[in-house]
Amino acid sequence: MPVITLPDGSQRHFDHPITIADVAASIGSGLAKAALAGEVNGKLVDTFSLIENDATLRIITDRDPEGLDIIRHSTAHLLAHAVKSLFPTAQVTIGPVIENGFYYDFAFGRPFSTEDLEKIEAKMSELIKQDIAVSRNVVGRDEAIAFFKGLGEEYKVKIIQDIPATETLTIYEQGDFADLCRGPHVPSTGKLKAFKLTKVSGAYWRGDSNNEMLQRVYGTAWKDKKTLDEYLKNLEEAEKRDHRKIAKAMDLFHIQEEAPGMVFWHNNGWTIYQQIKRYITERILENGYAEVSTPQIVDLELWKKSGHWAMFNEQMFTVESDNRHYAIKPMNCPCHVQIFKQGLKSYRDLPIRLAEFGSLHRNELSGAMHGLMRVRQLVQDDAHIFCTEDQLQEESLKFIQLLIDVYRDFGFNDVTVRLATRPLKRIGSDELWDHAENALLEALKKAGLTFAIFPEEGAFYGPKIEFHLKDCLNRMWQCGTLQLDYAQPARLEAYYIAEDGSKKTPVMLHRAILGSLERFIGVLLEHYAGKLPLWLAPQQAVMMNITDKQADYVVDITQKLKKQGVRVKSDLRNEKIGFKIREHTLAHIPHLLIAGDREVESRTISVRTMDGSDLGSMSLDQYVKFVETEVSKRGRIE
RNA sequence: GCCGACGUAGCUCAGGUGGUAGAGCAACUGAUUCGUAAUCAGUAGGUCCCGAGUUCGAGUCCCGGCGUCGGCACCA
């Protein structure tokens, strides 16, 4: 006779096994209607599942995060249901919940068109209206295989064959549609209120590019129309922040057909670029790095020795001259090892930190390019630290601390950190890996960072820490990285003389804070929606006159401000002041400086910021001081 | 690289079923001289991504290529 304990501690006694739906109904009719699933003793189950023994129960509604996941999962099923009824030859595969929605992969003879999508959506709405009850059946393995074979669902059969024999298999049915699924699901299709199919694309079966391509349909689902609309609106807003759009509006750069994946930086964009480079140079020099510069084109022999040619030759551009074969460098590291090797190094010289803003070329697959985020020519704020085993952890910690501080200056206080550990295919002893992983782990802990461990994701030569930033559409981009490398220094025969007089191979740390400057600028533009803080803004101020009378004054003040290092231009056009203000505000110029008769009279300028606040009149000196203070704050959030 | 969509004026985009390209903004010219997010009028502007084909005739249809976009895969 089950006694059911609810989240508020109250208990309900029943004299017979009871479903969650019934418990909900016994509490109230509103809850009965809202119930999507239940959590019984910490496990999510369907509302129609039977409770036979004493249990704690939480009824899941669309107010719970789990409720939303269930809605999305059930909407994925609804999608499959609609597809199967419209296109019976389509085979179902998997349909998981993802951030903000779900997708479902189908094997189908042809791609789905946008018209198909509309039809599918309409069918889904129809199925919702019919409010079809969902049921769950536990089935035996052979039974399940026979069942899906009978339906011609070959992929489901493959999926079942891969599920461990210990797991029970369940089939969910709604009307004439059945799918292998762990559940739970909403009790009936009528519970699904707000969804939208967003895009179709190809996706490889089991994520392997050697396999056939399936048709993936993406969708989003929410508890009600209101939250769905909010989400769609947010998406639209986010798309406006796309760095490619902002760049066009701000005249930052362009990319054209003749040089795919390579950037033509316009003056405005290049000003940002230079500003960042200058800043990083300053920061690394004060942190004991030495800046170097190495060749762009290097004989293939070096890349063979370093291991790059064997691993990454498809992504390397090559050139030929005088019967010699060269590669345009995709990375700086082998060249930095060459500098390390010049002259005998003692343990006393270590650590040696070599930094370079080298231009790198990587022949990325054509489909991989993405604005500034993924390009074929890039510059990293790259450096390699050569050190001893003992210095590993301290160097790692120092780097992480520098990175965090630099990110703060750019206004990023929220960074996703991953520790990628030993992959299956690797070189080096387990002791070495223990040591290396531990060094990074300890460094992360000491730095006080929260991070996730990504097992088997490390490089073949060593573990790595990845620092990811999000773009406006929530796509993650790796920016910073710290990698331990035991292989290259040895392969390229770098050594130092240890305390005991023996030759030892140094450990090499590959590290970058911003990663590719191109990508970082892309993320930065989206982060700020183009409204860069003063220190980065390519144009910091525009000085404008109200009528022609103040033109000379404006030219004079502009000149003086330029001499003081302010990135300012004048706008003397015969336009109304409102028009000029609007234009420069839309161009995200931080300071709008205005001079009318009053200002000429008092030798001042009227200062307005791009967010619309009027700072009143100030003298030239006052303004320059104001700029200096703002610039020195950089992008830090107090 | 794979699947799909797209490529028209400087920008954003319109151009059922084939009949010599259009709007808004920007540009240019003129008027206006104005106080914090759009003054008015006029003018000019095109290799419709490239190549081949079907057709009397192609921005539109077919084929091939390039690029971009959304995903997949990849990402030292």
Side-chain angles (χ1 to χ4, degrees), chain A residues 103 105 108 110-114 116-117 198-218 239 242 244-245 248-249 251 254-261 303 306-308 310-316 329-334 360 362-371 373-375 380 382 459-462 464 466 473 475 477-478 481 483 485 487-488 510 512 515-516 519 544-551 573-587 592-599 606-610 612-616:
Chain A
Y103 68 77
D105 285 347
F108 191 41
R110 63 172 177 85
F112 292 116
S113 65
T114 39
D116 292 335
L117 223 57
T198 49
K199 53 199 169 196
V200 264
S201 82
Y204 299 109
W205 164 240
R206 288 187 165 145
D208 185 338
S209 58
N210 294 314
N211 291 341
E212 67 274 30
M213 191 158 262
L214 307 171
Q215 300 305 318
R216 176 170 298 179
V217 179
Y218 284 92
E239 273 163 21
D242 190 308
R244 292 162 296 201
K245 283 192 183 159
K248 217 172 242 174
D251 190 22
H254 84 272
I255 295 173
Q256 68 186 48
E257 286 199 23
E258 287 81 355
W303 301 109
S306 70
H308 287 87
M311 299 294 288
F312 313 111
N313 67 83
E314 310 92 354
Q315 288 183 67
M316 288 167 72
K329 71 175 168 188
M331 296 173 73
N332 295 308
C333 36
L360 310 177
R362 300 175 182 181
N363 197 359
E364 298 285 352
L365 291 173
S366 59
M369 255 96 73
H370 184 103
M373 305 300 200
R374 194 80 173 269
V375 288
Q380 292 181 323
D382 196 16
F460 69 94
Y461 49 73
K464 58 180 177 178
E466 300 176 358
L473 294 176
R475 290 177 285 215
W477 298 97
Q478 186 194 310
T481 185
Q483 307 173 11
D485 186 352
Q488 258 191 90
H510 304 244
S516 121
R519 174 179 295 176
M544 45 203 146
N545 53 342
I546 286 174
T547 72
D548 288 347
K549 269 194 280 175
Q550 304 91 28
R573 289 176 305 168
N574 176 12
E575 294 289 353
K576 287 191 170 178
I577 195 67
F579 178 85
K580 295 191 197 180
I581 284 171
R582 177 184 154 81
E583 229 179 41
H584 297 125
T585 303
L586 290 174
L592 308 177
L593 313 177
I594 295 147
D597 286 338
R598 285 205 298 275
E599 285 74 18
S606 167
V607 182
R608 180 191 158 110
T609 64
M610 73 177 145
S613 46
D614 187 349
L615 303 184

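Chain A is the first sequence line, chain B the second, and so forth, proteins listed ahead of strands; every chain is numbered from 1.
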Q.
Between C1' on B:C49 and CD1 on A:Ile255, what's the gap in Å once rounded to a whole number?
A. 17 Å

Q | Nearest-angstrom distance from the residue atom CG of A:Leu586 to P of B:U36 | A | 17 Å

Q) Can you tell me if A:Thr585 uses its side chain to pair, donor with acceptor, with the backbone of A:Ile581 under 3.5 Å? A) yes

Q.
So for A:Glu599 and B:G35, does any side-chain atom that can act as donor or acceptor lie under 3.5 Å from a complementary atom in the base?
A. yes

Q) Considering only heavy atoms from C-beta outward, does the side chain of A:Asp597 approach that of A:Gln550 to under 4.5 Å? A) yes

Q. With both distances kept under 3.5 Å, what pairs with B:G24, Watson-Crick or G-U wobble?
A. B:C11

Q: Mind checking A:Arg244 for me? I need base, sugar-phosphate or nothing, with any heavy atom below 4.0 Å counting as a touch.
A: sugar-phosphate

Q) Watson-Crick or G-U wobble partner for B:C63, using a 3.5 Å limit on both distances? A) B:G51

Q) In the 5'-to-3' direction, what one-character label does each nucleotide of nucleotides 71-76 of chain B receive under the scheme B = base within less than 4.0 Å of a protein heavy atom, S = sugar-phosphate only, - = no such atom? A) BBBBBB

**Q.** Check: A:Glu583 and A:Glu575 side chains under 4.5 Å, non-hydrogen atoms
**A.** no

Q) Rounded to the Å, how far apart are A:Asn211 CG and B:C3 P? A) 15 Å

Q) Between the side chains of A:Glu314 and A:Asn363, does any donor sit under 3.5 Å from an acceptor? A) no

Q: Scan A:Leu214 against the nucleic acid and name what it touches under 4.0 Å (heavy atoms): base, sugar-phosphate only, or nothing.
A: nothing

**Q.** Residue matched to B:C34 through Watson-Crick or wobble contacts both under 3.5 angstrom
**A.** none

Q) Less than 4.0 Å between a side-chain N and a carboxylate O, is that true for A:Arg244 and A:Asp242? A) yes

Q: Could you measure between the two P atoms, the one in B:U54 and the one in B:C63, and give it in whole Å?
A: 15 Å

Q: Just call it for A:Lys580: base, sugar-phosphate, or nothing, with non-hydrogen atoms closer than 4.0 Å on any strand.
A: nothing

Q. Now, which nucleotide makes the Watson-Crick or G-U wobble pair with B:A41, with each of the two distances under 3.5 Å?
A. B:U29

Q.
Please check: side-chain N/O of A:Arg519 versus main-chain N/O of A:Met373, any donor-acceptor pairing under 3.5 Å?
A. yes

Q. Contact class for A:Ser606 vs. all strands (heavy atom < 4.0 Å): base, sugar-phosphate, or nothing?
A. base

Q. Taking the C1' atom of each, how far is B:U55 from B:G19, in whole Å?
A. 12 Å

Q. What's the CE-C1' distance between A:Met369 and B:G70, to the nearest Å?
A. 15 Å

(Q) Keeping A:Lys580 on the side-chain end and A:Ile546 on the backbone end, is there a donor-acceptor pair under 3.5 Å? (A) no

Q. CD of A:Gln256 versus C1' of B:G7: gap in Å, rounded?
A. 15 Å

Q) Is there a donor-acceptor contact under 3.5 Å from the side chain of A:Ser606 to the main chain of A:Ile594? A) no

Q) Does A:Asp614 or A:Phe112 map to a spot on RNA chain B nearer the 5' end, using the closest nucleotide for each? A) A:Phe112

Q: Measure the distance from CD on A:Gln215 to C1' on B:C2 and round it to the nearest whole Å.
A: 11 Å

Q: Under 4.0 Å between any heavy atoms, over every strand shown, what does A:Ile577 touch: base, sugar-phosphate, or nothing? Just pick one.
A: sugar-phosphate

Q: Can you figure out which of B:G1, B:G35, B:G4 approaches the side chain of A:Ile546 most closely?
A: B:G35

Q. B:G1 phosphate, OP1 or OP2: any side-chain N/O from A:Ser366 under 4.0 angstrom?
A. yes

(Q) If you define the side chain from C-beta out and look only at heavy atoms, does anything of A:Thr481 sit under 4.5 Å from A:Gln380? (A) no

Q) How long is the line joining CG of A:Asp116 and C1' of B:A5, in whole Å? A) 14 Å

Q.
Distance check, C1' atoms only: B:G24 and B:A14, in whole angstrom units.
A. 11 Å

Q | Whole-angstrom distance between B:A26 and B:G10, as gauged at atom P | A | 16 Å

Q. What is the distance, rounded to the nearest whole Å, between atom NE2 of A:His254 and atom C1' of B:G10?
A. 13 Å

Q.
Looking at A:Pro330, is its backbone amide N or carbonyl O close enough to the side chain of A:Arg362 to form a donor-acceptor pair, meaning the two atoms are under 3.5 Å apart?
A. yes

Q) Roughly how far apart, to the nearest Å, are B:G1 and B:C48 at atom P? A) 27 Å

Q) A:Arg582 has a side chain; which of B:A38, B:U68, B:U33 sits nearest to it? A) B:A38

Q. So what does A:Gly371 hit on the nucleic acid, given a heavy-atom distance under 4.0 Å: a base, only sugar-phosphate, or nothing?
A. sugar-phosphate

**Q.** Under-3.5 Å donor-acceptor pair between A:Asp548 side chain and B:U33 base
**A.** yes

Q: Evaluate the ring planes of A:Phe312 and A:His308, with Trp represented by its six-membered ring, and classify them as parallel (under 30°), tilted (30 to 60°) or perpendicular (over 60°).
A: tilted

Q. When you compare B:A73 with B:G15, how far apart are their C1' atoms, in angstrom units rounded to a whole number?
A. 38 Å

(Q) Could you tell me the Watson-Crick or G-U partner of B:G4, where both distances fall under 3.5 Å? Say none if there is no partner. (A) B:C69

Q. If the P atom of B:C13 is compared with that of B:A31, how far apart are they to the nearest Å?
A. 36 Å

**Q.** Per A:Thr585 side chain, nearest of listed nucleotides B:G7, B:U39, B:A37
**A.** B:A37

Filtered N/O pairs between nucleotides 25-30 of chain B and protein, under 3.5 Å:
none

Q | Salt-bridge criterion met for A:Arg608 and A:Asp614 (N-O under 4.0 Å) | A | no

Q: With C1' as the reference atom in both, quote the distance from B:C66 to B:C75 in angstrom, rounded to an integer.
A: 24 Å

